[in-house]
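The block underneath contains the structure these notes are about, expressed in C-alpha cells.
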Amino acid sequence: MLGPIVRAGDRLWWWRVIRRSHLVDPAFYAAQLGVHALPRDAAIVHYVSVGFRRGLSLNPLFDEIHAGGTLPEVFRVPALYAYLLSERPTVQVHPLWDAVAFARDGTGDQPAALEDVWLRQDARILLAAPGASRQLTVVELRAEAIDAARQWRRGRPFVNPTARALSELDLVRVVQRRDRGYARKLQQVSSLVADARVTATIALVDVDASQWLTAVLLARMQPGIRLCSYPADAIWSRVVADAVDAGAAPLVAALDARAAVSDQELDELIGRAGAGVCVVPAHREENGTSCGVGIGWVGAVGGDCIVLGDHPHEDVMRLGDQVEVPRPLGRSFIMPRPAARAAFDAARADDLSDIVWDGMPRCIALPTVAPVLDEPEHAFRRRRADRARRVVHRDERDRIERILSEAGFSVRTWRLDQGAAVPTLAVRRRGASQQRWAIKICSPAGRRGEVWGDTHFAQGLAAALRRAGHVVVVDAFGAARRKTAYLDDVNVVVRGPYRIKPPETGVNLEWIISHPDEITRAELEQFDRVFAASEPWAERASRRWNIAVDPLLECTDTDKFTPRGLTRGTDIVFVGTARGIARPSVVAPVRAGIDVKVYGPDWRPFVPASVITAESIDNEDLPALYERASIVLNDQWPAMRREGFIAMRPFDVVAVGGRVISEQVYGIEELFQGAVVTYRDADHLVELLRADPDTIFPEPHRLEEISETIRREHSFDARAAVLAAAAGAVSSGLDTLDR
C-alpha cells in the first residue's frame with residue numbers, strides 16, 4: 001500500500017529540485033515526444049515519471065545515459081536530479097563535450113560548466129571525439145539537437161551525406177537501447193574511422209533519445225560514419241545486409257551489440273582478416289562460459305554441435321591463438337565482401353550459425369579475443385531462424401573431435417539433445433596425478449567482475465594450482481552449475497557474499513573468506529571439507545555444528561605482490577568500492593581534513609570528488625601503488641571484523657613491504673608483526689594518521705623481514721598445498737573427519 005505513495009513522493013521531490021534549476025528546455029523535450037510545444041512544468045512531470053527511463057533529456061547538453069553512468073542511484077533516480085545534488089563541476093554531462101575541463105580551464109564564469117554555457121547561449125563549446133572535433137555555439141547545438149530529436153521520434157534514418165565511398169574495411173557497429181556503455185563504443189568507432197582505411201555504419205536499434213542525439217552529432221563531425229535507424233523488431237541479418245549493400249570495401253566487419261570489444265581485441269580481429277577467410281571472436285556468455293568457437297554438423301546423431309559451448313574459457317584458451325572451425329558462430333565477424341554478400345543475401349537469421357551459403361570461406365576463431373556478452377539483449381531477441389537455405393549436411397564430426405582433442409578432451413559418446421548434437425567428454429591427462437580443478441566464485445564475469453577482489457583471489461589460487469601440475473578453470477557466479485561440471489575432479493567454492501551450491505560430482509571443498517554471518521549448517525553439510533579464513537570462527541563453527549571447519553587464512557599472490565625496490569612516498573591510500581556505506585577508514589580521515597587518495601567506484605555520495613583519484617585501478621598496478629604509499633587504509637565487512645576474518649588487502653600490502661592502518665581484527669597485529677597498526681575508533685584513526693608514520697611502524701629492515709615471512713608462509717602456493725592434500729584425502733577415502 002505504501003509503495004505508490006513513496007514513489008509519488010519521490011517524483012514530487014525530483015520535480016521540485018529540477019524545477020528550481022534553469023536547465024529545462026521545453027522545446028527540446030517536446031521534440032523528443034513528437035509534439036509542437038510543451039509547458040515547462042509538464043515536461044518535468046513527464047521526465048520524472050517515465051521520460052528519464054527512456055533516455056529522454058531535459059537539456060540538449062545533458063546526456064541522460066552518459067551522465068547517469070557516473071552518478072549515484074542511476075537506475076532509480078533521474079540523472080539530471082542526481083546531477084543537481086552532486087558536485088556538478090566534476091560531472092561529465094556529455095560524451096562529446098568535456099564539461100569538467102571547460103570549468104577547470106577558466107573558460108566558464110561559474111564553477112559548473114553546464115549552467116554557465118546554458119545561461120550564455122552565445123558561448124562556444126568544443127565537441128570532440130577521436131580524430132574529429134567541431135566548435136559551435138549553444139544556440140547552434142540546440143537547433144541541431146531539436147532537429148535530431150524529431151528524427152528520432154519519427155524513426156527516420158540519418159545518412160551522413162559526406163561519408164567516404166572508398167575504404168579497406170566497412171564496420172557495422174550495432175548499438176541497442178539501454179546500453180550505458182554506448183558512448184565508449186561510439187568513441188571507438190570514431191577512432192577507427194579517423195583512419196581513412198575504415199568506414200563505419202552505426203546501426204541504432206530501438207535506441208534511447210540520448211543515444212540517438214550523440215550518434216547524430218558524432219556523424220556530423222566524422223565523415224566516415226553512416227547512421228541507420230531500426231525498430232525493435234529488426235532482424236540481425238537484414239541490418240548487416242543493409243550495411244554490406246551500402247559499402248564498397250573489400251572487407252566487412254560487425255560487432256555484437258551485447259559486447260564491449262577492447263581496442264586490443266578489435267586490432268587483433270582486424271589483423272587476422274584476409275582474403276578467403278572469415279574471422280570470429282570466441283565470445284563468452286554473460287556468465288563467463290564460452291558461447292562456442294564454431295558450429296558443425298554431426299551426421300551420426302543428426303544435429304549441429306556448438307563446439308566447446310558452455311565450457312569455461314580456459315578450455316578454449318588451450319586451442320592457442322587461433323583455431324579453424326567448421327562454420328562460424330555469433331554476431332561478430334570480419335570477412336571478405338563477396339562472402340558477406342553471399343551470406344546475407346535474403347537471409348533472415350539471428351546469427352552466423354543460422355546461415356549456410358555457397359562458397360563459404362575458411363572460418364578462424366580467435367580464443368584470445370573473447371569479449372563477454374554482458375549487455376542484456378534488447379536488440380534481435382532470439383527468434384526461430386529461417387534455415388530453409390540449408391540443403392545438404394556435410395558431416396563435420398571429425399573436425400569437431402580434433403578441436404576437442406586440442407582442448408584436452410576425448411569424445412566418449414554423442415547424443416541428440418533438443419535438436420543439438422552434444423558430446424560426452426573425458427579429460428585427457430598428462431599423468432595420473434594431474435587433476436582438473438574448478439574454482440567457483442561470487443564475482444560476475446567480464447568487466448564487472450574485474451573490480452571484485454574475489455576475481456583476483458581466484459586467479460592467484462588458479463596460478464598456484466597450475467604450478468602444482470593441475471588443470472584449473474574459474475567459474476564466475478552465474479556459471480557455478482554449468483552442464484560441463486561433470487568434467488571437474490575437484491571443486492573449490494570460494495564463499496563470498498553469495499551461497500554457491502556445489503556440483504553433484506567431484507570432490508567439493510568450501511573456503512569461506514567473508515560473510516560468515518550468512519553461513520548455515522545445511523550449507524556446510526554439502527561439502528566434503530570446509531575451510532574458513534578465521535581461526536576463532538572455524539573453532540566456534542566446528543563446535544556449534546559438529547562439522548570440522550579448518551582454519552585457512554587469506555593470503556597473497558606472490559607472482560604480483562613482491563617488492564620492486566620502489567621509493568616510499570607520502571600518500572595515504574584506500575582501494576575499494578564504497579559498498580553503499582560511509583566506510584569509516586575513508587570518511588573519518590577525510591572529514592578531519594586528512595588527504596586520502598581513494599581508488600574505487602561509488603564514492604560520490606560519501607566524499608568530495610577531489611578525494612577520488614580514480615574510480616578503478618588495474619590489479620597489475622596495485623603492487624607499485626602499495627609499495628610507494630606511505631600508508632594503506634583497511635577496513636572490512638562488520639561481520640568479518642567481528643568473527644576474525646582478515647581480508648586479503650593487508651597480505652598484499654605487507655607482501656610488497658607496505659604499511660597498513662586497519663580496523664582491529666582478531667590476530668591481525670600478531671600475524672603481521674607490526675606492519676599492520678590497528679585503530680580503536682575514528683578519533684584514534686585520525687590521531688594515527690596525523691602522527692609521523694616512521695614512529696608507529698617498524699624500521700625499514702624489519703619491514704623487509706616481515707614482508708619476506710608473509711610471502712613465504714601466506715602465499716597462494718602454501719594454501720593450494722593444503723587444499724590439494726585435503727582433496728587427495730577425500731579422493732582416496734582417507735578423510736575420516738566427522739561430516
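Only a predicted model underlies this, so the values are computations on that prediction, with no experimental measurement involved.
- Checking Lys501, Arg499, Glu504 one by one against Gln526, the side-chain hydrogen bond (donor to acceptor under 3.5 Å, both in side chains) holds for a single residue, Arg499.
- A side-chain N or O of Thr678 and one of Glu669 form a donor-acceptor pair less than 3.5 Å apart.
- Side chains of Trp511 and Leu552 form a contact here, defined as non-hydrogen atoms less than 4.5 Å apart.
- A cation-pi arrangement, defined by a distance under 6.0 Å to the six-membered ring centre and an angle within 45 degrees of its axis, is absent between Arg495 and Phe531.
- Within the model, atoms CZ of Arg544 and CD of Glu539 stand 14.5 Å from one another, a figure rounded to the nearest 0.5 Å.
- Nearest heavy-atom pair across Val293 and Ala282 is CG1-CB, 4.1 Å.
- Within the 4.5 Å cutoff, side-chain heavy atoms of Arg659 are placed close to those of Ser630.
- Within the 4.5 Å cutoff, no side-chain heavy atoms of Leu373 are placed close to those of Glu286.
- In this structure the side chain of Ser585 reaches within 4.5 angstrom of the side chain of Tyr679, judged on heavy atoms.
- Annotation for Leu266: atom CG counts as buried by contact number, over 12 foreign heavy atoms lying within 6.0 Å.
- With rounding to the nearest 0.5 angstrom, the CD1 atom of Ile572 is 7.0 Å from the CG atom of Asp595.
- Below 30°, between 30° and 60°, or above 60°: for Trp603 and Phe574 the angle between ring planes is above 60°, a perpendicular geometry.
- Summarising the local packing, CD of Glu705 is surrounded by more than 12 heavy atoms from other residues, nucleotides or ligands at distances under 6.0 Å.
- Just one of Asp571, Thr613, Val573 meets the side chain to side chain contact (heavy atoms under 4.5 Å, CB included) condition when paired with Leu625; it is Val573.
- The shortest non-hydrogen separation linking Asn287 to Thr289 is OD1-OG1, 2.7 Å.
- Between Leu633 and Arg649 the shortest heavy-atom distance is O-CD, 3.8 Å.
- Residues Gly181 and Glu375 approach most closely at N-OE2, 4.4 Å, considering heavy atoms.
- When every heavy atom of Cys555 is checked against every heavy atom of Phe651, the shortest pair comes out as O-CB, 3.5 Å.
- Closest of all the heavy-atom pairs between Gly657 and Pro563 is N-CG, 4.4 Å.
- Under the side chain to side chain contact (heavy atoms under 4.5 Å, CB included) criterion, Ala476 pairs with Ala445, sequence neighbours left out.
- The six-membered or imidazole ring of Phe645 lies away from that of Tyr666, with a centre-to-centre distance of 6.0 Å or more.
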query: Hey, mind stepping through Asn508 and Asn491 against side chain to side chain donor-acceptor pair (under 3.5 Å) and telling me if it holds?
result: CA-CA 5 Å; Asn508 289 311; Asn491 304 292; 2.9 Å; yes

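- A salt bridge links Glu620 and Lys560; the closest N-O separation between the charged side-chain nitrogens and carboxylate oxygens is under 4.0 Å.
- Environment of OH in Tyr498: sparse, with no more than 12 heavy atoms of neighbouring residues, nucleotides or ligands closer than 6.0 Å.
- Atom CZ of Arg540 is surrounded by more than 12 heavy atoms from other residues, nucleotides or ligands within 6.0 Å.
- The aromatic ring centroids of Phe672 and His714 lie 6.0 Å or more from each other.
- No side-chain heavy atom of Val494 sits less than 4.5 Å from a side-chain heavy atom of Ile512.
- Considering CG of Asp557 and CZ of Phe457, their distance stands at 10.5 Å, rounded to 0.5 Å.
- Remark: side-chain polar atoms of Arg641 are not paired, donor with acceptor, to backbone N or O of Glu663 under 3.5 angstrom.
- The shortest distance between side-chain heavy atoms of Thr455 and Glu450 does not fall below 4.5 Å.
- Side-chain contact between Asp475 and Ile500 is absent, with no heavy atoms from C-beta onward closer than 4.5 Å.
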